[in-house]
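Below is one structure, written out as structure tokens; comments come after it.
Whatever order the structure lists ligands and atoms in, that order sets their numbers, starting from 1. Just so it is clear, the structure is predicted and the values come from calculations on it, not from any experiment.
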Amino acid sequence: MKTAVFSTKPYDMEYLGRAFQDAGIEHEFFEARLRKKTAKLARNFEAVCIFVNDTADAEVLEELSGFGIKLVTLRCAGFNNVDLKKAEELGIKVTRVPAYSPYSVAEHTIGLMLSLNRHFHRAFWRVREANFSLDGLMGFDMHGKTVGVIGTGSIGRVVCRILNGFGMKVLGYDIYEDEELKKLGITYTDTETIFKESDIITLHTPLTPETKYLINENTLAMMKEGIMLINTSRGGLVDTRAVISALKSGRIGSLGLDVYEEEGDLFFEDLSDYIVQDDVFMRLLTFPNVLITGHQAFFTTNAMEAIAETTAQNIKSLEVGRELENSVTTEKTA
Ligand code: NAD
């Protein structure tokens with residue numbers, strides 16, 4: 001199935017290129033993101049392969065359908081950037097990579113927590129300048145503290161297990177409770193209890209209309225003074241302006257982000273020679289207790305191999321008429 005790959009970076013060419021070649025999938029790589037202006041690149045293809053900041057909204061899908069595109073295959077887990085209803089109307093199948101390496105994102109999440117708590121990001125620069133003062137670098141023992149994990153699916157589950165190993169009291173919230181986690185001693189509760197009792201809160205739900213701005217002025221007001229908040233899931237879970245106010249007031253003691261609600265205009269590009277126009281994002285960068293990575297939590301060799309392999313299988317499945325086990329529909333998400 002001839003596939004147009006959007007938002008291509010050199011590492012995509014390496015990993016996807018190898019997997020597509022092994023599977024005999026004809027393909028072409030495009031650096032451009034998929035959006036209205038670039039959809040025409042998919043003319044003469046049968047499938048498009050997209051990533052987190054590509055746009056497959058109704059308008060784009062209409063155009064793709066006109067070119068005969070039969071498959072939108074996401075090389076990521078989240079699918080909030082695809083209008084599933086429209087895709088179904090047009091008969092376009094949508095697949096994703098539901099789980100590649102939950103460890104990649106979970107371990108990055110823990111990395112953000114440890115860095116913020118023990119101020120690695122500040123210590124790194126101090127020591128390089130021969131400033132060995134410890135002022136401002138004091139952390140806390142995570143052992144014995146309470147962490148709230150919102151979303152205990154593939155990634156949240158691994159986060160729970162790791163933090164349980166740290167000796168933290170782990171509170172979980174999900175629409176489905178995981179019996180294995182309960183056996184480990186993880187306590188399921190409601191979000192309000194998580195907001196009120198946690199010292200650290202970490203987000204692992206997908207972005208849906210229900211989870212949009214889960215962290216907002218009201219929920220922040222319920223949290224302990226000095227809460228550590230981590231979001232490696234999707235930027236839209238957090239109302240960034242409310243978070244900035246909470247950082248200014250001290251309600252949020254530290255903030256770790258791998259995702260940002262307007263990241264589409266920033267992340268994955270080298271903008272170091274440009275003036276970034278997003279004042280909200282730039283304000284976040286001024287806080288010493290904020291650590292931001294540019295959507296790199298997934299970025300391990302293991303994850304890239306698994307993503308490429310599953311994406312190739314997803315394309316092959318449609319080509320040979322096999323059941324699409326990783327399909328995403330309005331009814332069901334694999
Ligand atoms: P998953 O589908 O395995 O788990 C998501 C969990 O959220 C499920 O258990 C689901 O029941 C729960 N959930 C859904 N709606 C909910 C709601 N309204 N309230 C409470 N819980 C709800 O997904 P995953 O693989 O664990 O990934 C989680 C998210 O992480 C993805 O949706 C994606 O947005 C993000 N992600 C980020 C990166 C990165 O590089 N930063 C990489 C992969 C995934």
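When only interatomic distances are considered, the shortest N/O to N/O separation between D174 and ligand 1 falls below 3.5 Å. Considering both main-chain and side-chain atoms, Q296 never comes within under 3.5 Å of ligand 1 through any nitrogen or oxygen pair. Note: no N/O pair closer than 3.5 Å links E210 and ligand 1 by distance alone. For a threshold of 3.5 Å applied to N or O pairs, the pair formed by I155 and ligand 1 contains at least one separation below that value. Here's the thing with D258: one of its N/O atoms is less than 3.5 angstrom from an N/O atom of ligand 1. Between F298 and ligand 1, an N or O atom pair is found at a separation short of 3.5 Å.
Under the 6.0 Å cut-off for aromatic ring centres, F268 and F51 qualify, their centroids lying closer than that.
Selection from L214, I175, T293, V105 by nearest heavy atom to atom 15 (N) of ligand 1 gives I175. Of the listed residues (P206, G235, G156, G151), the one carrying the non-hydrogen atom nearest atom 13 (N) of ligand 1 is P206. For atom 1 (P) of ligand 1, the candidate residues are A297, G172, S154; the nearest heavy-atom contact is made by S154.
Here the protein heavy atom with the shortest distance to atom 43 (C) of ligand 1 is Y100 OH, 2.7 Å. In terms of protein heavy atoms, atom 34 (O) of ligand 1 is closest to R234 CG, 3.1 Å. Counting only heavy atoms of the protein, atom 31 (C) of ligand 1 lies nearest to S233 OG, 4.2 Å. The nearest protein atom to atom 19 (N) of ligand 1, hydrogens excluded, is given as Y173 CE2, 3.6 Å; this is a heavy-atom distance. The closest protein non-hydrogen atom to atom 21 (N) of ligand 1 is T205 CG2, 3.5 Å. Ranking protein heavy atoms by distance to atom 18 (N) of ligand 1, first place goes to T211 CG2, 3.4 Å. At the top of the distance list for atom 28 (C) of ligand 1, counting protein heavy atoms only, stands H204 O, 3.4 Å. Of all protein heavy atoms, the one lying nearest to atom 37 (C) of ligand 1 is T232 O, 3.2 Å.
The local environment of OH in Y176 is sparse, with at most 12 non-hydrogen atoms from other residues, nucleotides or ligands closer than 6.0 Å. The environment of OH in Y103 is sparse: at most 12 heavy-atom neighbours from other residues, nucleotides or ligands sit within 6.0 Å.
Shortest non-hydrogen contact noted between T152 and G172 is CG2-CA, 4.3 Å.
Ring geometry, H27 versus F20: the interplanar angle exceeds 60°, so the pair is classed perpendicular (tilted spans 30 to 60°). Using cut-offs of 30° and 60° for the angle between ring planes, the F298 and Y100 rings count as perpendicular. In this pair, F45 and F30 present their aromatic rings perpendicular. The plane angle is above 60°, beyond the 30 to 60° band.
No hydrogens or angles considered: nothing links the side chains of T8 and E31 as a donor-acceptor pair under 3.5 Å.
The pair E177-K182 meets the salt-bridge criterion, with a side-chain N (NZ, NE, NH1 or NH2) lying under 4.0 Å from an Asp/Glu carboxylate O. Using a cut-off of 4.0 Å between Lys/Arg side-chain N and Asp/Glu carboxylate O, K86 and D57 are scored as not salt-bridged.
Residue contacts with ligand 1, taken as heavy atom pairs separated by less than 4.0 Å, do not involve F79 at all. The side chain of H295, and not its backbone, has at least one atom closer than 4.0 Å to an atom of ligand 1 (non-hydrogen atoms only; side chain from C-beta on).
A cation-pi contact links R18 to Y15, judged by a cut-off of 6.0 Å to the six-membered ring centre and 45° from its axis.
Within the 4.5 Å cutoff, the side chain of M223 has no heavy atoms near those of the K196 side chain.
In the vicinity of P98, heavy-atom distances shorter than 4.0 Å reach the ligand 1 atoms 25 (O).
Taking a distance limit of 4.0 Å, we find that atom 23 (O) of ligand 1 is approached by no protein heavy atom.
Put simply, no part of C76 is less than 4.0 Å from ligand 1, judged by heavy atoms.
Side-chain atoms of R234 never come within 3.5 Å of backbone atoms of P206 as a donor-acceptor pair (strictly under, hydrogens ignored).
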